[in-house]
Chemist: 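Below is one structure. I have some questions about it.
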Amino acid sequence: MGSTITEATDPYCLRAGESAALLRGHPWRRFAVLGDSVAEGLCEPVDGYPDVQWADRITAELRAAAPDLAYLNLGLRGLRAHEVRAAQLGPALEFRPDLALVVCGGNDAFRPAYDPDAVDAELTAMIEALQGAGADVITVGMFDVSHSPAVPEQHRANLGARMRRLAAHTRALAGRLGTIHVHLTDHPLTADPSIYSSDGRHGSARSDAIAAAETVRRLATHLRTRNDARLG
């Protein structure tokens, strides 16, 4: 990444006016976020990018079109998938969202004993409960953090394999359950050091800006598909 690039000139971020055009007239009024540190948002600062985490960015874009949007972020760092479900699903359902973001499993995949089927079961339980309550659900295939310069070389290959397996499982689950899926794992910048934090586990403000752009675009695709189905 060149030293002069900013969010306004970053080709992977939202362009001026793009989000307003994509989300104009969207139907969502209650947005809930469940997950781990990715949901909570640690957002290590990067020059040229506002220090605003991913879920907050999505909320701001949704609120630009619907100022009365209510927002609840239950995300908490360090949680594994079963802990997210146990602690956050109940409060999320009580909030009565019509849009929910569920992002977890990364802390499971950081462990050599990662069990993808167990994580799938937890994600399925959360997604189906939220959908059953009337919410559209966003799922995520995260950036492959094994590319972070802070990850020791001897751990890189195995961690990368687990992160890609988590992403593949989540994408398959999304296809089966009909979620709005944001796949970041194969993003062109997934191996770019500028999108990772110095702790080797999280993203930077640039990655949050990019993830928000991809999420807004996927929400817009979902809206077009739904509108086309109604017209058809």
Side-chain angles (χ1 to χ4, degrees), residues 1-14 33-58 73-84 101-116 118-119 122-123 138-171 182-215:
M1 182 178 69
S3 59
T4 60
I5 197 168
T6 66
E7 183 168 349
T9 60
D10 192 325
Y12 296 103
C13 293
L14 289 167
V33 177
L34 300 79
D36 52 27
S37 58
V38 180
E40 180 185 355
L42 302 186
C43 193
E44 186 165 292
V46 174
D47 288 344
Y49 295 79
D51 188 13
V52 182
Q53 64 100 338
W54 174 40
D56 289 353
R57 284 174 172 274
I58 299 168
N73 191 334
L74 297 160
L76 185 63
R77 70 194 70 185
L79 298 187
R80 295 172 62 190
H82 72 280
E83 295 170 318
V84 171
L101 167 63
V102 179
V103 55
C104 60
N107 290 314
D108 298 83
F110 259 88
R111 298 167 177 255
Y114 161 57
D115 182 347
V119 172
E122 300 296 343
L123 286 170
I138 305 167
T139 51
V140 187
M142 293 173 284
F143 291 109
D144 179 1
V145 75
S146 71
H147 292 289
S148 168
V151 173
E153 183 63 36
Q154 65 269 28
H155 300 312
R156 199 177 301 277
N158 287 336
L159 175 60
R162 294 194 301 273
M163 293 300 293
R164 289 189 295 274
R165 191 174 186 190
L166 170 64
H169 270 248
T170 306
R171 183 157 60 175
V182 182
H183 185 70
L184 300 169
T185 315
D186 298 323
H187 190 277
L189 292 187
T190 197
D192 190 308
S194 71
I195 69 169
Y196 297 109
S197 67
S198 57
D199 68 1
R201 296 179 69 95
H202 301 103
S204 69
R206 189 185 190 200
S207 76
D208 280 11
I210 293 167
E214 293 296 324
T215 305

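Since the model is a prediction, treat every value here as computed from it, not as a measurement. Counting from 1, the numbers follow the sequence of the chain as shown. Side chains are part of it too, since the values below use all heavy atoms of this structure and drop only hydrogens, waters and symmetry mates.
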Chemist: So, His202 and Ser37: side-chain donor and acceptor under 3.5 Å apart, yes or no?
Modeler: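 Note: His202 and Ser37 side chains meet the donor-acceptor criterion.
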Chemist: Go through Arg206 and Ser194 one step at a time and tell me if the side-chain hydrogen bond (donor to acceptor under 3.5 Å, both in side chains) criterion holds.
Modeler: CA-CA 7 Å; Arg206 189 185 190 200; Ser194 71; 2.9 Å; yes
Chemist: What I want to check is whether the side chains of His155 and Asn158 have a donor and an acceptor closer together than 3.5 Å.
Modeler: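 Not at all, the side chains of His155 and Asn158 share no donor-acceptor pair under 3.5 Å.
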Chemist: Got a salt bridge between Asp208 and Arg57, using NZ or NE/NH1/NH2 to carboxylate O under 4.0 Å?
Modeler: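 Salt bridge: no.
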Chemist: Hey, is Arg164 close enough to Asp144 for a salt bridge, meaning N to O under 4.0 Å?
Modeler: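 Between Asp144 and Arg164 there is a salt bridge, with a charged N closer than 4.0 Å to a carboxylate O.
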Chemist: What I'd like to find out is whether the side chain of Tyr196 reaches to under 4.5 Å of the side chain of Thr190, using heavy atoms alone.
Modeler: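 Answer yes - side chains close enough.
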Chemist: Does Arg165 have any salt bridge (Lys or Arg N to Asp or Glu O under 4.0 Å) partners at least two apart in sequence or in another chain, and if so, which?
Modeler: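 Salt bridge (Lys or Arg N to Asp or Glu O under 4.0 Å) check on Arg165 returns nothing, list empty.
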Chemist: Counting only N and O atoms by type, is there a donor-acceptor contact under 3.5 Å from the side chain of Gln53 to the main-chain atoms of Leu42?
Modeler: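 Flag not set: sc Gln53 to bb Leu42 has no pair under 3.5 Å.
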Chemist: Given 3.5 Å as the limit, does a donor-acceptor pair link the side chain of Thr215 with the main chain of Ala211, or not?
Modeler: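 A pair under 3.5 Å: yes.
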Chemist: Mark yes or no for whether Arg162, through its side chain, and Ala109, through its backbone, hold a donor-acceptor pair below 3.5 Å.
Modeler: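 Judged by distance alone, yes, a pair lies under 3.5 Å.
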Chemist: Check whether any side-chain heavy atom of Ile210 sits under 4.5 Å from a side-chain heavy atom of Tyr49, and report yes or no.
Modeler: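 Ile210 vs Tyr49: side chains apart.
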Chemist: Count the heavy atoms of every other residue, nucleotide or ligand shown that sit under 6.0 Å from CZ of Arg156, and state whether that count exceeds 12.
Modeler: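 Atom CZ in Arg156 is crowded, with more than 12 foreign heavy atoms closer than 6.0 Å.
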Chemist: Below 4.5 Å, heavy atoms only, C-beta onward: do Met163 and Thr185 meet side chain to side chain?
Modeler: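 Contact flag for Met163/Thr185 side chains = no.
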Chemist: Give a yes or no answer on whether the side chain of Tyr12 reaches the backbone of Pro188 with a donor-acceptor pair at less than 3.5 Å.
Modeler: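 No.
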Chemist: Where the side chain of Asp108 meets the backbone of Ala81, is there a donor-acceptor pair that is under 3.5 Å apart?
Modeler: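 Flag set: sc Asp108 to bb Ala81 pair under 3.5 Å.
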